[in-house]
Chemist: 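The structure that follows is given in the form of structure tokens.
Start at 1 with the first residue, then count along the sequence. In this text, all values refer to a predicted model and were calculated from it rather than measured experimentally.
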Amino acid sequence: MMEAVIKTGPQPGIEVADVPEPTAAAGEVLIEVESASVCGTDYTLADWTPGAAAWGSAFPLIMGHEYCGRVVALGEGVTTIGVGQRIAGESHVWCGSCPACRRDARHNCLNITIPGVNRDGAFTSLLAVPVSACFPLADQVGPEAVLFESAGVAMHAIQQAGEVQDRTVVITGAGPVGLFLVAELRALGAGEVIVLEPNQARRDRAAALGAVTFGADQVTDFVEHSRRSGPLGGAEIGFEVSGAPSAYEAMFSALGLESTLVSVGHSSSLVGVNISRDVNLRVINWKGVYGRRIWSSWEQLQDLVLSGRVDLGSFIEGEIKVNELPDQLGAIRQLPGKVIVRP
């Protein structure tokens with residue numbers, strides 16, 4: 001048996017319980033979890049918000065989908081990875097045979113499963129996953145590997161935005177993914193990065209990374225600054241990361257003509273948008289992001305980490321044990337960075 005954070009049913013709350021140890025089936029590897037971290041989806045499931053049922057979770061469920069670890073056993077037929085290899089987990093477990101996978105959109109696999117969401121996850125000691133969901137880590141990568149999954153979302157968003165060098169960028173929401181965006185944009189040579197974020201600690205972190213920051217009571221200043229900074233009456237690229245429907249009004253007001261908007265945060269309710277005024281007449285290119293592009297987002301991120309241009313380790317706020325997570329969840333969600341959860 002092993003200790004795990006589980007969700008027992010479709011209602012608020014998570015708890016610690018002893019669960020059976022998994023084994024690696026054909027095509028799978030058994031991972032000894034080094035560490036995991038908490039994501040917004042974990043809060044959605046823990047709180048059992050109105051959108052939580054859409055994930056199709058079966059209970060009891062071991063939670064946790066951001067993780068890194070070491071391969072300790074191979075299932076039948078696994079030849080592409082060896083015992084002892086450190087990996088970071090791709091949480092979008094893809095089938096490889098559906099039309100999306102065949103079109104290199106494996107992050108949007110039509111048969112997708114996600115550890116900690118609709119299959120057992122990583123807030124425990126051992127995890128069995130398909131070998132296809134494992135990103136082999138370079139030897140030089142340290143404990144920051146646990147952040148590759150979430151920092152990879154930011155990298156995918158940048159890939160969707162296109163060329164960022166010297167571009168004026170606005171970001172609404174400076175939680176962990178928003179902060180990863182700031183760091184990665186600066187590493188890739190973006191121009192001015194302007195952030196709107198209500199949380200003072202997150203604004204301070206964004207400013208330390210080189211962003212110009214504005215609080216919730218400074219929306220007018222945020223918009224005016226963005227309009228002055230961009231060449232066509234506003235920012236050239238926008239990343240909406242908060243998921244707050246109200247953020248879109250500020251975002252569209254801050255964007256310039258012919259700009260690109262990438263929506264990263266998942267909104268829990270409908271977003272009101274004046275399509276003619278805010279999109280068509282200004283020729284806004286609006287894109288969405290779900291997960292990471294497999295494997296280019298991972299490879300580009302690892303290159304930035306290995307070159308020293310992005311220091312993911314600086315985003316680690318501390319660590320707790322798995323059995324402490326239910327009591328610490330509320331405090332963790334207020335932090336600008338990430339807390340490591342260890343078995």
Side-chain angles (χ1 to χ4, degrees), residues 1-22 30-70 88-89 91-93 113-129 143-151 153 173 175-180 199 201-202 205 242-243 265-266 268 315-343:
M1 301 293 282
M2 60 183 188
E3 197 171 48
V5 172
I6 68 169
K7 189 162 187 66
T8 59
Q11 66 274 327
I14 58 175
E15 60 188 70
V16 177
D18 289 330
V19 299
E21 293 185 359
L30 187 66
I31 304 297
E32 182 179 61
V33 177
E34 178 183 305
S35 59
S37 59
V38 183
C39 167
T41 302
D42 297 314
Y43 303 132
T44 297
L45 290 169
D47 297 341
W48 201 250
T49 63
W55 293 109
S57 305
F59 305 105
L61 171 73
I62 301 174
M63 294 181 60
H65 64 273
E66 298 179 357
Y67 66 95
C68 66
R70 191 176 299 276
S91 63
H92 289 199
V93 179
T113 58
I114 302 176
V117 176
N118 47 32
R119 62 184 293 155
D120 282 337
F123 288 154
T124 187
S125 303
L126 294 168
L127 169 70
V129 292
E144 68 273 13
V146 70
L147 305 184
F148 270 41
E149 198 265 10
S150 51
V153 173
V177 174
L179 291 171
F180 291 142
N199 182 293
R202 290 173 173 173
R205 183 68 62 87
S242 70
H266 299 311
S268 58
F315 292 90
I316 297 175
E317 302 278 355
E319 62 180 68
I320 61 172
K321 292 291 188 181
V322 159
N323 59 16
E324 298 174 303
L325 182 56
D327 291 335
Q328 295 294 323
L329 196 63
I332 289 172
R333 75 174 73 191
Q334 301 301 320
L335 296 172
K338 291 275 195 173
V339 170
I340 288 180
V341 182
R342 294 194 186 275

Chemist: Hey, is K338 close enough to E149 for a salt bridge, meaning N to O under 4.0 Å?
Modeler: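 Here K338 does not pair with E149 in a salt bridge, since their nearest N and O are not under 4.0 Å apart.
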Chemist: If we ignore hydrogens and angles and just use 3.5 Å, is the side chain of D120 paired with the main-chain N or O of I62 as donor and acceptor?
Modeler: yes
Chemist: Can a donor-acceptor pair be found, under 3.5 Å and without considering hydrogens, that links the side chain of R202 to the backbone of L335?
Modeler: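 At least one qualifying donor-acceptor pair exists.
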Chemist: If I compare all heavy atoms of L45 with all of S57, which pair ends up nearest, and what's the gap?
Modeler: CD2-OG, 3.8 Å
Chemist: Does anything in residues 46-56 form a side-chain hydrogen bond (donor to acceptor under 3.5 Å, both in side chains)? List the pairs, not counting sequence neighbours.
Modeler: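 Passing the test, one end in residues 46-56: D47-R333.
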Chemist: Do E15 and V5 pass the side-chain contact (heavy atoms from CB on, under 4.5 Å) test, and can you show the C-alpha distance, the side-chain angles, and the key distance before you say yes or no?
Modeler: CA-CA 6 Å; E15 60 188 70; V5 172; over 6 Å; no
Chemist: Determine whether a donor-acceptor pair (N or O, by modelled atom type, separation under 3.5 Å) exists between the side chain of R342 and the backbone of E34.
Modeler: yes
Chemist: Using a 3.5 Å distance criterion without hydrogens, assess whether the side chain of K7 forms a donor-acceptor pair with backbone atoms of G13.
Modeler: yes
Chemist: I need the full list of side-chain hydrogen bond (donor to acceptor under 3.5 Å, both in side chains) pairs touching residues 35-46, with sequence neighbours left out, sorted by first then second residue.
Modeler: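 Every pair satisfying side-chain hydrogen bond (donor to acceptor under 3.5 Å, both in side chains) with a residue in residues 35-46: S37-E66.
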Chemist: Do R119 and V93 have side chains that get closer than 4.5 Å, going by heavy atoms?
Modeler: yes
Chemist: Going by heavy atoms in the side chains, are I14 and F123 under 4.5 Å from each other?
Modeler: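 When only atoms from C-beta onward are counted, F123 and I14 do not touch, as no gap falls below 4.5 Å.
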Chemist: Are L126 and E32 close enough that some pair of their side-chain heavy atoms sits under 4.5 Å apart?
Modeler: yes
Chemist: Identify the two heavy atoms, one from V322 and one from T124, that lie closest to each other, and give their separation to 0.1 Å.
Modeler: CG2-N, 4.0 Å
